[in-house]
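Only one structure is covered here, and it is reproduced in the block below.
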Amino acid sequence: MTATGKPASLAGVVLAAGASPYEGRAKALKHIRDGRVTAVEHVVSVVAQRCEPIFVVTSPGQSLPELPAQLVRDDVRGHGQLSAIGRGLRAAAEAGAQYAFLCSVDAELLDPEVIDVLHARAAALHADIVLPWDGTNHYLAAVYRTELASIVDDLVSAGERGVSALITRADTQRVVTTGAGSLVGATSA
């Protein structure tokens, strides 16, 4: 909580780069909801219910539909999700947000109430990262302190590629859930 008793600011970061190994095309452009919307349109609309501003991290040259979000290009190739997380957190920090809810574009069943729970816990504990845990760290549906962008930069410069390096280095708190995959809707693709 802030000094006024309100939750700290919360931006949204959607990681949209990458192709699905099963479909051979960008996960962000997968049609869902009976083909009515793309995955990126849907996830951005859910995240926007709780977060402002919204940033969508894309790969260089990636084409996306018109979105009510700011596009952020992750120009560093071969560094995986860790680099993309850093770009998103930096954009959120530059926008003045203390925290960002960060998720993958394939979080199709994401419930906005999950965002509320994670954000409240982060603000109350002043934690760096708060993520759902059901025996697995759901780090692609978590609240991150935006200051972590500089730590991500250090990790990437040191050759780290896995998000687990950040999770173990930061003050990471877990919200124990049953079936977190169903709460956040992360698909296996």
Side-chain angles (χ1 to χ4, degrees), residues 9-119 129 131-132 138-144 146 148-149 152-153 156 161 163 166 180-189:
S9 63
L10 184 67
V13 175
V14 177
L15 302 181
S20 168
Y22 304 107
E23 298 177 18
R25 63 186 168 103
K27 289 187 257 185
L29 299 177
K30 174 183 170 186
H31 280 87
I32 62 170
R33 311 278 178 190
D34 298 326
R36 292 179 286 165
V37 298
T38 62
V40 70
E41 290 169 316
H42 172 70
V43 172
V44 166
S45 73
V46 174
V47 172
Q49 292 177 42
R50 299 298 196 268
C51 303
E52 188 180 340
I54 308 294
F55 300 95
V56 177
V57 182
T58 67
S59 57
Q62 183 176 1
S63 178
L64 293 175
E66 181 91 16
L67 297 167
Q70 298 175 48
L71 298 184
V72 177
R73 302 282 182 200
D74 182 16
D75 294 326
V76 182
R77 292 189 183 270
H79 288 204
Q81 294 170 334
L82 190 58
S83 175
I85 288 170
R87 285 291 290 131
L89 293 179
R90 182 164 314 290
E94 289 171 355
Q98 181 179 6
Y99 289 100
F101 174 77
L102 183 139
C103 71
S104 173
V105 74
D106 59 0
E108 295 171 20
L109 302 176
L110 178 64
D111 183 335
E113 291 182 18
V114 171
I115 299 170
D116 294 340
V117 169
L118 298 173
H119 183 221
I129 302 169
L131 53 88
H138 293 277
Y139 56 84
L140 291 182
V143 169
Y144 289 74
T146 59
L148 292 174
V152 171
D153 291 345
V156 169
R161 302 294 178 259
V163 181
L166 177 61
S182 65
L183 293 175
V184 297
T187 62
S188 59

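Everything numeric here is computed off the predicted structure, so don't read it as measured data.
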Less than 3.5 Å apart, which donor and acceptor atoms pair up between the side chains of residues 36-47 and the rest of the protein, not counting sequence neighbours?
unit_1 : atom_1 : unit_2 : atom_2 : d
Arg36  : NE     : Arg33  : O      : 2.8
Thr38  : OG1    : Glu41  : N      : 3.3
Thr38  : OG1    : Glu41  : OE1    : 3.0
Glu41  : OE1    : Thr38  : N      : 2.8
His42  : NE2    : Arg33  : NH2    : 2.9
His42  : NE2    : Glu108 : O      : 2.9
Ser45  : OG     : His42  : O      : 2.6

Just wondering, do [Y] and [X] contact through their side chains at under 4.5 Å, heavy atoms?
| X | Y | result |
| --- | --- | --- |
| Leu10 | Ile115 | yes |
| Val14 | Leu67 | no |
| Ile85 | Leu140 | yes |
| Val13 | Leu15 | yes |

Quiz prompt | Test item: Tyr144 side-chain N/O and Tyr139 main-chain N/O as donor-acceptor pair under 3.5 Å | solution =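 Pair found, side chain donor or acceptor close to backbone of Tyr139.
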Quiz item: Looking only at atom types and distance, does a side-chain atom of Gln62 sit under 3.5 Å from a main-chain N or O of Ala16, one as donor and one as acceptor?
Solution: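 It does hold such a pair.
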Could you give the distance from [atom1] ([X]) to [atom2] ([Y]), rounded to the nearest 0.5 Å?
| X | Y | atom1 | atom2 | result |
| --- | --- | --- | --- | --- |
| Leu110 | Arg50 | CG | CZ | 10.0 Å |
| Asp153 | Arg87 | CG | CZ | 9.5 Å |
| Leu102 | Phe55 | CG | CZ | 12.0 Å |
| His119 | Gln98 | NE2 | CD | 7.5 Å |

Looking at every non-hydrogen atom in both residues, tell me the closest pair between [X] and [Y] and how far apart they are.
| X | Y | result |
| --- | --- | --- |
| Ser59 | Arg73 | O-NH1, 3.3 Å |
| Leu118 | Ala141 | CD1-O, 3.4 Å |
| Gly86 | Val152 | CA-CG1, 3.6 Å |
| Ala69 | Val56 | CB-CG2, 3.8 Å |
| Leu131 | Ala142 | CB-CB, 3.6 Å |
| Arg161 | Leu82 | O-CB, 3.4 Å |

Practice problem: Answer yes or no: are there more than 12 heavy-atom neighbours, outside Glu52 itself, under 6.0 Å from its atom CD? | Solution: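 Open.
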